[in-house]
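I have placed the structure first, in the form of structure tokens, so that the comments after it can refer back to it.
Please read all numbers here as calculations on a predicted model, not as lab measurements.
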Amino acid sequence: MYAIIQNGCQQYKVSEGDLIKVDLISSPEGAAVKFEQVLMAFDDKDTMLTSAKLSKIKVTGTIQKHGKYKKIRVIKFKRRKNYLRTHGHKQDFTEVKIKSIK
């Protein structure tokens with residue numbers, strides 16, 4: 001069974017045992033997490049479950065670790081004007097292992 005969940009403004013296709021990186025969750029490592037916003041769910045025969053059953057489905061997982069993505073550089077410049085500005089950004093993430101889809 002797999003499901004499509006929404007966390008924040010991003011959507012993830014998950015199944016049991018998957019590791020996903022989501023935006024930072026302010027819980028400690030090893031804590032349980034519930035994703036209650038399930039958009040779609042499919043059983044083993046690739047049949048989409050109805051919306052009545054969809055409201056009952058809960059996706060649970062545990063937090064494995066917190067970290068940061070690689071740094072990205074944002075550069076803006078104006079040619080021939082001797083103007084150059086750089087700015088870096090590292091986004092925080094939380095790695096979650098999906099435990100069950102019920």
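Atom CD of Q37 and atom CD of Q6 lie 4.5 Å apart (nearest 0.5 Å). To the nearest 0.5 Å, the span separating NZ on K34 from OG on S100 amounts to 9.5 Å. Atom-to-atom distance recorded for L84:CG and R79:CZ is 15.0 Å, nearest 0.5 angstrom. In this structure, H87 NE2 and K76 NZ are separated by 10.0 Å, a value rounded to the nearest 0.5 Å. Here the OG-CD1 distance, from S15 to I101, works out to 6.0 Å after rounding to the nearest 0.5 Å. For the atom pair OG1 of T94 and CD1 of I20, the computed distance is 10.0 Å after rounding to the nearest 0.5 Å.
A 4.5 Å side-chain heavy-atom check between V33 and T62 finds every atom pair outside the cut-off. At a threshold of 4.5 Å between non-hydrogen side-chain atoms, the residues Y12 and N7 count as touching. Contact annotation: the side chain of I4 never approaches that of V38 to less than 4.5 Å [non-hydrogen atoms, C-beta and beyond]. Between L19 and V96, the closest side-chain pair of non-hydrogen atoms is not below 4.5 Å. Residues Q10 and V22 have side chains not in contact (no heavy-atom distance under 4.5 Å, counting atoms from C-beta outward).
Judged by distance alone, with hydrogens and angles left aside, the side-chain atoms of D43 form no donor-acceptor pair with the main-chain N or O of M1 at under 3.5 Å. Side-chain atoms of H66 come within 3.5 Å of backbone atoms of S27 as a donor-acceptor pair (strictly under, hydrogens ignored).
Under the 6.0 Å distance and 45° angle rule, K13 counts as a cation-pi partner of Y2.
Placement of L54 and V59 within a single hydrophobic cluster is found when ILVMFWY residues are connected by side-chain heavy-atom separations under 4.5 Å, directly or transitively. Residues F42 and L39 share a hydrophobic cluster, clusters being chains of Ile/Leu/Val/Met/Phe/Trp/Tyr side chains in contact below 4.5 Å.
Counted within 6.0 Å of NZ on K58, heavy atoms from surrounding residues, nucleotides or ligands total more than 12; the atom is thus considered enclosed. Within 6.0 Å of NZ in K99 there are 12 or fewer heavy atoms belonging to other residues, nucleotides or ligands.
Among all heavy-atom pairs drawn from K65 and E29, the shortest one is CA-OE2, 3.5 Å.
In this pair, F93 and Y69 present their aromatic rings tilted. The plane angle is within the 30 to 60° band.
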